[in-house]
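Keep in mind the model is a prediction, meaning the values are calculated, not measured. A, B, ... follow the sequence lines: proteins, then strands. Residue 1 opens every chain. Below, all heavy atoms of this structure are taken into account, side chains as well, without hydrogens, waters or symmetry copies.
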Protein chains: 2
Amino acid sequence: MTKPTPDPRHTLTLRDVSEASGVSEMTVSRVLRNRGDVSAPTRAKVLEAARALGYVPNKIAGALASQRVNLVGVVIPSLSNMVFPEVMTGISETLDGTGLQPVVGVTNYLPDREESVIYEMLSWRPSGMIIAGLEHSAASRAMLARAGIPIVEIMDIDGEPINHAVGISHRRAGRQMAEAIIAAGYRKIAFLGTRMPNDFRAKKRLEGFEEALAKAGLALVDSEFYSGGSALLKGREMTAAVLDRTPEVDFLYYSNDMIGAGGLLYCLAQGIDVPGRIGLAGFNGVELLDGLPRKLATMDACRLEIGRKAAQIIAQAPATSQVEELFPTLQPGDTIRRS
Amino acid sequence: MTKPTPDPRHTLTLRDVSEASGVSEMTVSRVLRNRGDVSAPTRAKVLEAARALGYVPNKIAGALASQRVNLVGVVIPSLSNMVFPEVMTGISETLDGTGLQPVVGVTNYLPDREESVIYEMLSWRPSGMIIAGLEHSAASRAMLARAGIPIVEIMDIDGEPINHAVGISHRRAGRQMAEAIIAAGYRKIAFLGTRMPNDFRAKKRLEGFEEALAKAGLALVDSEFYSGGSALLKGREMTAAVLDRTPEVDFLYYSNDMIGAGGLLYCLAQGIDVPGRIGLAGFNGVELLDGLPRKLATMDACRLEIGRKAAQIIAQAPATSQVEELFPTLQPGDTIRRS
DNA sequence: TCCTGATATGTTTGCGCTAACAGCCACGGT
DNA sequence: ACCGTGGCTGTTAGCGCAAACATATCAGGA
């Protein structure tokens, strides 16, 4: 148990299996890949030898020789916010039957980091790339564009995709929520969200939201931003801050469900009448909300479906660019007055 | 925008950069890897040519030639439960300076899937592997043992590692929590947890927990298991079920914080005196708890630290096996009576 | 002057595998 | 008998790069 390798031999190659089973390397290769015609007895011999030796093929050599790599790069900003794991689920599900395999890279919302993650991934010559968002550095776009593989930008369709895109219009989502809120009779509306300058989708939602408010002759009466920390806790704190600073506020629009949930718990604890005195809404439709004492209004971001569709596009590698718009549904929950 | 490749040429190789800059492929290779002596003017010429062409090195070829791959395989059961993303953070953080890069594989707690993920990863000849848990199929253990690379099994140290291990003793964690609960005077204790037969760590915590109860002459008065769905919601439902079925219960031990949080919200909503009438505790120490109206008792699983230490071991590739035991701290929160 | 050694660049080779093709054999039709 | 065909296996070449070694160039010392 002192050395990782229990035996002193070199790492195994096709040659070892070939010698052990008495056939050529090529035949071994064919057996292990289920390609071409190999007689049943030969196949059995080879499989047995491979199993006995504990042979694991070297995909690096295989990929170099065949010029094919069964990997799909997936570049996302974060794993810790509930939304991308679900996208990943959709991707994995769909890729599962195809022989393709996702490889995840995380950028932490940093454009520089995104660029280097993309570069690193492309250097492995994947069969396709799935990338969150439409905003990338010029260098990133150039690399992706000339990689010669299908590129799918996901989550957002408000912009010009490099190749394919699958997502929702966040601007429209913001607008729709604003319209619903106004229709329910709320007028003193505040926004609470993330400060991150690179969360373009949150920014677009806010733009759409304000646009719809403006159309109704309204403007935000207050806003509050945060970064880092426990989103649930930040939701409480920001809510407290806004209610304290702007007591007349009658609606709080959160940029994500997690801070919305924090706000909801705070309001309930304070005995505030929700949705009578104050209405609340978030964004994402995360599963977590189901467990809350009251259902937060939100808007489903179609995460699973986005993952599935993106993976489908990669798997099919269509010749022409596709932009798939998905349409989120507004879930009024119990935190917007019924009109 | 119809074809992914804007230009008709083949994909670039070192040769293209070499021709464009008028030096040999080898010199280009040296420049791009910062290896060996290259004069400043040559370096500049090469970099400029590479940039202008948009050259992205082919790591497949590089890895085959150099027999070195800067990837570290990370095999985890799930991304959706808050615990592994944090482990990943620790791993990424630590690997960042080393030139190594994590590649994640997800098993969904399925041993078969774990085996194929491991096989797939090993076939890319990574520099090391980090794997959650100590329980693997015989084939998996064999593959890992003879891969000739550092293997770190994380989260748990109650068992025999293949090579290195970093984690906590879940059995001890369960025991400690039971002792704290008993010391606080609770006697009618119930367990609520996941049904998943392959969550060995939860199982070990329960074993340790029951062992300590037995030592105090106690036994669980009830238990409830779930699988799938929104953990927060399941926590509410299971709590309701247990309280209904076993009204005399005075403590609820949850196998994770998420269902614990659901239970806590339920108890508060029911106006139950926590921790007077009923005490509650979870496990993991997730950030989410900070945002709850009352702090759930829990036990930190040292996730970040586990990720860091595991990555350190891979980076150093020590000759001898290491087992690093970390010691979780019990956070009594507000849901256990102060003795 | 020649030699030494450092610096800078080029050449050869092969990593482990698979595409493409070549060979071999048995069988059946004519 | 001949050829063709299909099933099975082997041979050759090369994927793109980097390790190891070879070569050129030049400064400085003996």
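The distance from the CG atom of Leu79(B) to the CE atom of Met82(A) is 12.5 Å, given to the nearest 0.5 Å.
Although no hydrogens or angles enter the test, the distance criterion places a donor-acceptor pair under 3.5 Å between the side chain of Glu153(B) and the main chain of Ile162(B). In this structure, Asp16(B) contributes its side chain and Thr13(B) its backbone to a donor-acceptor pair below 3.5 Å.
Residue order along DNA chain D, read from the 5' end via each residue's closest nucleotide, puts Ala40(A) first among Met26(A) and Ala40(A). When the nearest nucleotides of DNA chain D are assigned to Arg43(A) and Val56(B) by heavy-atom distance, the more 5′-ward of the two goes with Arg43(A).
Within the structure, a side-chain polar atom (N or O) of Ser29(A) is placed less than 4.0 Å from OP1 or OP2 of dT18(C). At the phosphate of dC15(D), neither OP1 nor OP2 sits under 4.0 Å from any side-chain N or O atom of Thr13(B). For Ser24(A) and dG10(D), the shortest distance from a side-chain N or O to OP1 or OP2 is below 4.0 Å. Between Arg33(B) and dA18(D) there is a side-chain N or O to OP1 or OP2 distance below 4.0 Å. Between Gln67(A) and dG16(D) there is a side-chain N or O to OP1 or OP2 distance below 4.0 Å. For Thr42(B), a side-chain nitrogen or oxygen approaches OP1 or OP2 of dT9(C) to under 4.0 Å. Phosphate contact (OP1/OP2 of dT9(D), side-chain N/O of Ser39(A), threshold under 4.0 Å): present.
One can find a donor-acceptor pair under 3.5 Å joining the base of dG10(D) and the side-chain atoms of Arg30(A).
Using a 4.0 Å heavy-atom cutoff across all strands shown, Leu64(B) reaches at least one base atom of the nucleic acid. Within 4.0 Å of Arg125(B), counting heavy atoms only, lies no atom of the nucleic acid at all. Contact annotation for Asn58(A): backbone-only contact, meaning every heavy-atom pair under 4.0 Å involves sugar-phosphate atoms and none involves a base.
Nearest heavy atoms, Asp158(A) versus Asp156(A): N-OD1, 2.9 Å.
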